[in-house]
Number of protein chains: 2
Amino acid sequence: MTRTVFEKADVIPLVAEVFRELGYEGASMSKITARTRLSKGSLYHFFPGGKEEMASEILAHIENWFIRNIYEPLERDDPLKAIHNMWREVDAYFRSGQRICLVGAFALDETRDRFASGIRQYFRRWIDALCAALVRAGASTDAAAVISEETVGGIQGGLILSRALHDETLFERTLAGLAERVTKCVREDAGR
Amino acid sequence: MTRTVFEKADVIPLVAEVFRELGYEGASMSKITARTRLSKGSLYHFFPGGKEEMASEILAHIENWFIRNIYEPLERDDPLKAIHNMWREVDAYFRSGQRICLVGAFALDETRDRFASGIRQYFRRWIDALCAALVRAGASTDAAAVISEETVGGIQGGLILSRALHDETLFERTLAGLAERVTKCVREDAGR
DNA sequence: TTTATACTGTACTAAACAGTATAGAAGGAG
DNA sequence: CTCCTTCTATACTGTTTAGTACAGTATAAA
């Protein structure tokens, strides 16, 4: 009999995809074992704390991805380039709206209260990093604060709408619209 | 012993609130009975089809509310007044972001597939009604289509963000920002 | 006052649930 | 080879789940 051997680093994205598709409550252990092809033994070996530990590690894994690929570039690199990189990475990460934001989904029901600090931090840091990049690019502090909040919110709304309407083009349209407004905001303020 | 007698019209909003707090999968029959104080017998009397029938009737109830209070005014009344009315009603309905959009939440996981047509219709009609009102108010067809999509998406994003950040002021700020952009869009196009 | 209807409460079943225990397989170290 | 560690598979626990059955209660009409 063939035995597939996993490492924790391989398991987390696999389980994450199940949570993404079914939500925290919808993802029962049996659904997770069925969809990942991992046995209960393996899952409890990697996550002795069960579902709660899985979700907690997944959230940390997601946050690390965003820190490395989005937040740190925004904080460190040339702001306009980093923002351009953000649109590209976000579109790829959410597969043009075919893949949801697990953190956003968790925020909508009582799951939020279990992982409150992780969820809060994910959005807080995203908004703050974008805001700081906009200020460095020449936007006013006030305008940057407003538009960075609208941008992160707009992305979440775009994900909901594109799924609800089964419209694969909607998310990319949303990103393009947000990108245009961000660019305009920087141009206007920098031109003063 | 006192016996509280309900009608279906009273039961739907009660059960809806439980779905809103816990999501479709999280709302088990025992949680529903505990939070609504309705017995299993009563619930299955009103909804012989169980959870699926409950959610289906709740979605219909929500859509009716939006038709009466938002979509029809947008389609029928003075467009600027109807749009102004929309901001007020939406803020009240979602309790300034303290209450989520059940339809949006359903759209994020596999629950979407169970209620696909209801979910699609809710957003489709909202966007279309707003778009038509904007055109009647003097906006160009293209600009109206873009901004009405951004508005409905922006509302959903604002709900996620205000919950995620535990920021009660964020949703109202989002609505105010959207209202400003909508007003500007109408003014610019009508002035041509 | 009888009788039908509408609603409630509870006891029940079978399936699904989270989690545990444990035996065993693979692979490397000695 | 043996031994140890890491990972997998499955059988098992008690609990919770959705849903059914049915007896019981209030109300209104006849």
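To find a chain, count down the sequence lines: A is the first, B the second, and so on, and within it residues start at 1. Keep in mind that the numbers below use all heavy atoms, side chains included, and drop hydrogens, waters and symmetry copies.
Within 4.0 Å of A:Gly50, counting heavy atoms only, lie sugar-phosphate atoms of the nucleic acid but no base atom. Using a 4.0 Å heavy-atom distance criterion, B:Lys40 is classed as a base contact. Backbone-only contact: A:Ser30 has heavy atoms under 4.0 Å from sugar-phosphate atoms and none from a base.
Taking the six-membered ring for Trp and the full ring otherwise, B:Tyr93 and B:Phe66 have centroids separated by under 6.0 Å. Aromatic pair B:Tyr24/B:Phe115: ring centres closer than 6.0 Å.
In this structure, B:Trp126 and B:Tyr122 have perpendicular ring planes: the angle between them is above 60°, well past the 30° mark.
Comparing C:dT8, D:dT20, D:dT10 by their closest approach to the side chain of B:Tyr44 singles out D:dT20. Closest to the A:Met29 side chain, of the nucleotides C:dA18, C:dT8, C:dC7, is C:dA18. Closest to the side chain of A:Ser28, out of D:dA18, C:dA18, D:dT8, is C:dA18.
One can place CE of B:Met54 at 10 Å from C1' of D:dG19, the figure rounded to the nearest angstrom. Between the CZ atom of B:Phe46 and the P atom of D:dT20 there is a distance of 17 Å, given to the nearest Å. Spacing between atom CZ of B:Phe47 and atom P of C:dT8 amounts to 11 Å, rounded to whole angstrom units. Summarising the geometry, the separation between CD on B:Glu53 and C1' on D:dA18 is reported as 14 Å, rounded to the nearest angstrom. Distance, A:Leu14 CG to D:dT8 C1': 15 Å, rounded to whole Å. Distance, A:Phe6 CZ to D:dA9 C1': 13 Å, rounded to whole Å. Going from atom CG of B:Leu38 over to atom P of C:dT10 covers 13 Å, rounded to whole Å. The CD-P distance, from B:Glu7 to C:dT8, rounds to 10 Å in whole Å.
A side-chain donor-acceptor contact under 3.5 Å links B:Asn69 to the backbone of B:Trp65.
Look at A:Asp78 and A:Arg136 and you find no salt bridge, because none of the NZ, NE, NH1 or NH2 atoms lies under 4.0 Å from a carboxylate O.
Between B:Ser39 and C:dG9 there is a side-chain polar atom (N or O) within less than 4.0 angstrom of OP1 or OP2.
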